[in-house]
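For reference, the structure I am asking about is given below.
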Amino acid sequence: MDVIIPAPLKRNDLIAIVPTARAIVAAELAEGIALAESWGLRVRLGSGVGRKHFQQAGTDAERAADLQAAIDDPEVRAIWCARGGYGTIRLMDKVDLGPLRRDAKWVVGFSDVTVLHNALHTMGIATLHAQMPFMIGSKTEACRTTLRSALFGTGSDILIDPAEVKSASSVRPGIARGVLVGGNLSMLCSMRGTTFDIDPAGKILFLEDLDELLYHVDRMVQNLKYGNWFRGLAGLVVGGMSDMRDKNPSDPFGSTAEAMLQEALAGTDHPFCTGFPAGHIDDNRALPLGMPVELEVSAQRIALRYPTGV
């Protein structure tokens, strides 16, 4: 299947900020709005901004209608999900993503937004795993500049030196090519066996997660291992595995998320790195998903290159 790549944004294009999950107010989006406007974009807030139904930015039907309005509006050239949390998966039987085949536009977000990345990947549409407008002002400059570069099509390669990015580790060196897929580990596991499941065979898989009990992480990793996700991969990129913890610190599980993944990869030989700068971390760099990518892993350099550009 040929990938459908949304057109690069240009000055005066309209970007819609849509809350598909947790409630949020306009003041919490001020930094993201100012950033988009500094890039010459016009910003429209979805009707769910400022609305609250328990934890969510409206009922499922209201949030789905908000997302559908942005999908259907030909003036909107990108949909920037306002924040994560939980709830986007509840919209999937209420939203028609089909118009994006005819009029592709960037869908941007991460974490809970992984369900949209998966669904659009199965449709052959590229998406953007990147920081939402919420809290973007506290992130690194690289987080913001890679987002701008990906949206405007001015280059999205990411090259890091493990000696400079202290969290990064070249666990297994090598070079691989394939389509980049993935996102939040918990969300990916929750979609196993559903319409929104993905097949990572022959692809480069990216994983990240936040605030999980370590034995829960191991259970998810075992799910993927027994589902043969790791055997057919071209490569594995692990981003932030942030704030992982034991239920009882005095009785530890005894392993890290990264070590669990390394153990699960026994018998494979594809390139593998950890600590890549993407996920629930300050340095959350933008990754176009569904795009062909080259992964290079060595002690001197970890690189994701997009040969066809964005």
Side-chain angles (χ1 to χ4, degrees), residues 6 8-52 55-58 63 66-67 69-70 73 75-88 105-114 116-117 127-156 158 165 167 183-184 208-211 239-240 242-243 276-289 310:
L9 299 188
K10 58 186 185 299
R11 290 187 65 85
N12 294 318
D13 274 350
L14 178 65
I15 185 169
I17 297 180
V18 179
T20 59
R22 291 201 64 155
I24 195 164
V25 297
E28 294 174 296
L29 296 169
E31 293 171 337
I33 294 169
L35 182 65
E37 290 178 343
S38 76
W39 296 340
L41 299 174
R42 294 179 294 124
V43 177
R44 177 188 296 166
L45 298 184
S47 58
V49 174
R51 187 172 58 202
K52 185 169 173 56
Q55 295 181 354
Q56 309 292 300
R63 297 193 327 276
D66 199 10
L67 178 57
D73 187 344
E75 190 179 7
V76 172
R77 302 320 310 153
I79 300 170
W80 200 6
C81 295
R83 69 176 301 172
Y86 172 75
T88 306
K105 54 192 77 176
W106 284 114
V107 174
V108 186
F110 77 113
S111 192
D112 184 64
V113 181
T114 297
L116 287 174
H117 294 310
T127 58
L128 189 53
H129 182 284
Q131 181 65 35
M132 275 85 83
F134 179 58
M135 296 184 66
I136 198 168
S138 65
K139 304 299 179 178
T140 66
E141 186 62 24
C143 167
R144 294 184 288 271
T145 57
T146 55
L147 173 57
R148 187 188 189 284
S149 295
L151 286 172
F152 284 83
T154 58
S156 57
I158 297 176
V165 180
S167 62
N184 182 262
E208 67 84 32
D209 216 325
L210 168 74
D211 191 27
S242 308
D243 299 332
F276 193 83
H280 290 82
I281 53 180
D282 288 343
D283 196 9
N284 182 18
R285 305 193 195 185
L287 302 176
L289 299 179
V310 176

Item to check | side chain to side chain contact (heavy atoms under 4.5 Å, CB included) between Phe276 and Arg285, worked out | outcome: CA-CA 9 Å; Phe276 193 83; Arg285 305 193 195 185; 5.7 Å; no
So CE of Met135 and SG of Cys143: to nearest 0.5 Å the spacing works out to 11.0 Å
Between the CG atom in Asn12 and the CZ atom in Arg77, the distance rounded to the nearest 0.5 Å is 14.0 Å
Value for CG (Leu147) from NE2 (His129), rounded to nearest 0.5 Å, stands at 12.5 Å
For Cys81, does its backbone N or O pair with a side-chain atom of Thr20 as donor and acceptor, under 3.5 Å?
no
Q. Can you tell if the side chain of Asp112 reaches within under 4.5 Å of the side chain of Asn184, non-hydrogen atoms only?
A. no
Between the CG atom in Asp209 and the OG1 atom in Thr114, the distance rounded to the nearest 0.5 Å is 9.0 Å
Exercise. Please examine the side chains of Leu41 and Leu14, heavy atoms only from C-beta on, and report whether any two atoms are closer than 4.5 Å.
Key: no
message: Does Lys10 have more than 12 heavy atoms from other residues, nucleotides or ligands lying within 6.0 Å of its NZ?
response: no
Do any N or O atoms from the side chain of Asp282 and from the backbone of Lys139 form a donor-acceptor pair under 3.5 angstrom? no
Would you tell me whether Thr140 and Asp283 have side-chain atoms, one donor and one acceptor, within less than 3.5 Å of each other? yes
Q) Side chains of His117 and Thr127: donor-acceptor distance under 3.5 Å anywhere? A) yes
Open item on the list: Looking at Ser149 and Thr146, would you say the former's side chain and the latter's main chain have a donor-acceptor pair under 3.5 Å?
Closed with: no
Polar side-chain atom of Arg63 near backbone of Gly87 as donor-acceptor pair, under 3.5 Å = yes
Between the CH2 atom in Trp106 and the CD1 atom in Ile15, the distance rounded to the nearest 0.5 Å is 12.0 Å
Taking the side chain as every heavy atom from C-beta outward, state whether Thr88 and Leu116 have any atom pair closer than 4.5 Å. yes
- [ ] Compare all side-chain heavy atoms of Arg144 with those of Gln131 and state whether any distance is below 4.5 angstrom.
- [x] no
Can you check whether Asp66 reaches Val49 side chain to side chain, under 4.5 Å on heavy atoms? no
Please set out all donor-acceptor pairs under 3.5 angstrom arising from side-chain atoms of residues 21-34, sequence neighbours excluded.
{"residue": "Glu28", "atom": "OE1", "partner": "Val25", "partner atom": "N", "Å": "3.0"}
{"residue": "Glu31", "atom": "OE1", "partner": "Gly137", "partner atom": "N", "Å": "3.1"}

Check your understanding: Thinking salt bridges, do Arg44 and Glu75 make one under a 4.0 Å N-O criterion?
Key -> yes
CH2 of Trp80 to CE of Met132, rounded to nearest 0.5 Å, is 10.5 Å
